[in-house]
Amino acid sequence: MIVNNTFSKTIDLLHRSMSTATLRQAVHANNFANADVPNFKRTEVTFESELGRALDSQRNRPVIKLDLTHPDHISNWQPRDHQEVRPRRTLDFVTQTDNNGNNVCPEQEFNLLLTNQMRYILLSQMATFEFSQVNLVLRG
């Protein structure tokens, strides 16, 4: 049973962010491995910006909420559930770095791999901290 409180929302967000970081690590590793393959297009993972927009839509309610008198009317505020946001893989067709059609820059992919690894470590430390706070309350 999932309880709707700050702790469960935080853990859910951490879990989803860690899953996205795992997916992103695999995508960057695949990009890095195919850096010399002709016509290979790099893949990107987007998640955080969509998640931020969903969380903002839940937070930023209008001053006046309009009542709908007909089912076909459009509401002035529609909150978006953050749990419906999924990571999205997109192919990068815009940039091109090599003459063979490959747009992977190995140095950039390696830096993205390292950045993502640090992000995952930070997220896991945050999850450990959240559970240690619960453990502290239960022991006290």
Side-chain angles (χ1 to χ4, degrees):
M1 179 175 147
I2 296 176
V3 181
N4 227 355
N5 59 29
T6 306
F7 174 75
S8 63
K9 186 174 182 179
T10 302
I11 293 301
D12 177 55
L13 290 172
L14 286 171
H15 174 262
R16 294 162 55 72
S17 297
M18 289 174 74
S19 296
T20 302
T22 303
L23 172 66
R24 189 173 279 132
Q25 194 77 1
V27 166
H28 289 313
N30 184 50
N31 289 344
F32 188 76
N34 291 298
D36 293 328
V37 175
N39 296 319
F40 180 82
K41 301 298 179 199
R42 67 182 299 275
T43 305
E44 295 177 349
V45 177
T46 57
F47 174 70
E48 288 81 4
S49 58
E50 279 297 314
L51 181 64
R53 282 194 281 278
L55 292 172
D56 285 343
S57 76
Q58 295 172 357
R59 237 185 337 248
N60 299 332
R61 297 179 183 195
V63 176
I64 298 173
K65 173 89 165 88
L66 301 178
D67 287 334
L68 303 180
T69 58
H70 192 272
D72 291 337
H73 290 169
I74 299 172
S75 175
N76 69 327
W77 178 66
Q78 195 70 7
R80 185 170 174 202
D81 187 11
H82 72 277
Q83 293 178 334
E84 294 176 1
V85 178
R86 302 280 181 253
R88 181 178 299 167
R89 294 183 202 192
T90 56
L91 288 175
D92 180 10
F93 287 105
V94 179
T95 59
Q96 183 174 355
T97 56
D98 290 339
N99 291 333
N100 64 359
N102 188 318
N103 64 352
V104 177
C105 175
E107 292 84 13
Q108 180 185 5
E109 289 301 324
F110 187 72
N111 284 333
L112 290 171
L113 278 164
L114 289 175
T115 303
N116 190 59
Q117 182 179 3
M118 288 188 285
R119 178 183 293 127
Y120 187 87
I121 291 170
L122 179 64
L123 290 168
S124 66
Q125 289 174 347
M126 291 169 66
T128 301
F129 174 76
E130 288 294 323
F131 284 110
S132 70
Q133 293 297 326
V134 170
N135 192 19
L136 185 68
V137 168
L138 292 176
R139 286 185 182 198

(message) Between L114 and F32, is there shared hydrophobic-cluster membership here, with clusters defined by ILVMFWY side-chain heavy atoms closer than 4.5 Å?
(response) yes

(message) Could you report the tightest heavy-atom contact between H82 and L13, atom names first, then the distance?
(response) CD2-CD2, 3.6 Å

(request) Establish whether L113 and M118 are linked, either directly or via other cluster members, by ILVMFWY side-chain heavy-atom contacts under 4.5 Å. (result) no

When the side chains of residues 130-140 are checked against the rest of the protein, which donor-acceptor pairs come out under 3.5 Å, sequence neighbours left out?
{"from": "S132", "atom 1": "OG", "to": "T128", "atom 2": "O", "distance (Å)": "3.4"}
{"from": "S132", "atom 1": "OG", "to": "F129", "atom 2": "O", "distance (Å)": "2.7"}
{"from": "N135", "atom 1": "OD1", "to": "R139", "atom 2": "NE", "distance (Å)": "3.4"}

(request) Could you grab the distance from atom NE2 of H28 to atom CD of Q108, nearest 0.5 Å is fine? (result) 9.0 Å

(request) Please round to the nearest 0.5 Å and tell me the distance separating atom CD of Q25 and atom OG1 of T115. (result) 10.0 Å

(request) To the nearest 0.5 Å, tell me how far L91 CG sits from F40 CZ. (result) 8.0 Å

(message) Other residues, nucleotides and ligands only: do more than 12 of their heavy atoms fall within 6.0 Å of CG on N99?
(response) no

(message) How long is the straight-line distance from CD of Q83 back to NZ of K9, given to the nearest 0.5 Å?
(response) 9.0 Å

(message) What I'd like to find out is whether the side chain of N31 reaches to under 4.5 Å of the side chain of T43, using heavy atoms alone.
(response) yes

(message) Please give me the minimum heavy-atom distance between Y120 and A21, naming the atom from each residue.
(response) CD1-CB, 3.8 Å

(message) I'd like to know if L123 and I11 are part of one continuous hydrophobic network [Ile/Leu/Val/Met/Phe/Trp/Tyr, side-chain heavy atoms within less than 4.5 Å].
(response) yes

(message) I need the minimum non-hydrogen distance between N103 and D92, along with the two atoms involved.
(response) ND2-O, 2.5 Å

(request) For the pair N102 (side chain) and N34 (backbone), establish whether a donor and an acceptor sit closer than 3.5 Å, ignoring hydrogens and angles. (result) yes

(message) Please find the pair of heavy atoms, one from V45 and one from P87, that lie closest to each other, and give the distance.
(response) CG1-CB, 4.1 Å

(request) Give a yes or no answer on whether the side chain of K41 reaches the backbone of G101 with a donor-acceptor pair at less than 3.5 Å. (result) yes

(message) Using side-chain heavy atoms (C-beta onward) and a distance below 4.5 Å, is R89 in contact with L23?
(response) yes

(request) Rounded to the nearest 0.5 Å, what's the gap from CD1 on I121 to OG on S124? Could you check? (result) 6.5 Å

(request) State, with a plain yes or no, whether a side-chain heavy atom of E44 is found less than 4.5 Å away from one of R88. (result) no

(request) Check the pair R42, E109 against salt bridge (Lys or Arg N to Asp or Glu O under 4.0 Å), reporting the backbone distance first and the verdict last. (result) CA-CA 9 Å; R42 67 182 299 275; E109 289 301 324; 2.6 Å; yes

(message) Using 0.5 Å steps for rounding, measure from the CG atom of D81 to the CG atom of L55.
(response) 9.5 Å

(request) Check V85 against A54 and note the closest heavy-atom contact, atom names and distance. (result) CG2-CB, 3.7 Å

(request) For residues S17 and T20, determine if any side-chain heavy atom of one lies less than 4.5 Å from a side-chain heavy atom of the other. (result) no

(message) Within the supplied structure, the quantity of interest is the number of heavy atoms (other residues, nucleotides, ligands) at a distance under 6.0 Å from M126 CE; does it exceed 12?
(response) no

(request) Might you confirm whether atom CG of N100 has over 12 heavy atoms from other residues, nucleotides or ligands at distances under 6.0 Å? (result) yes

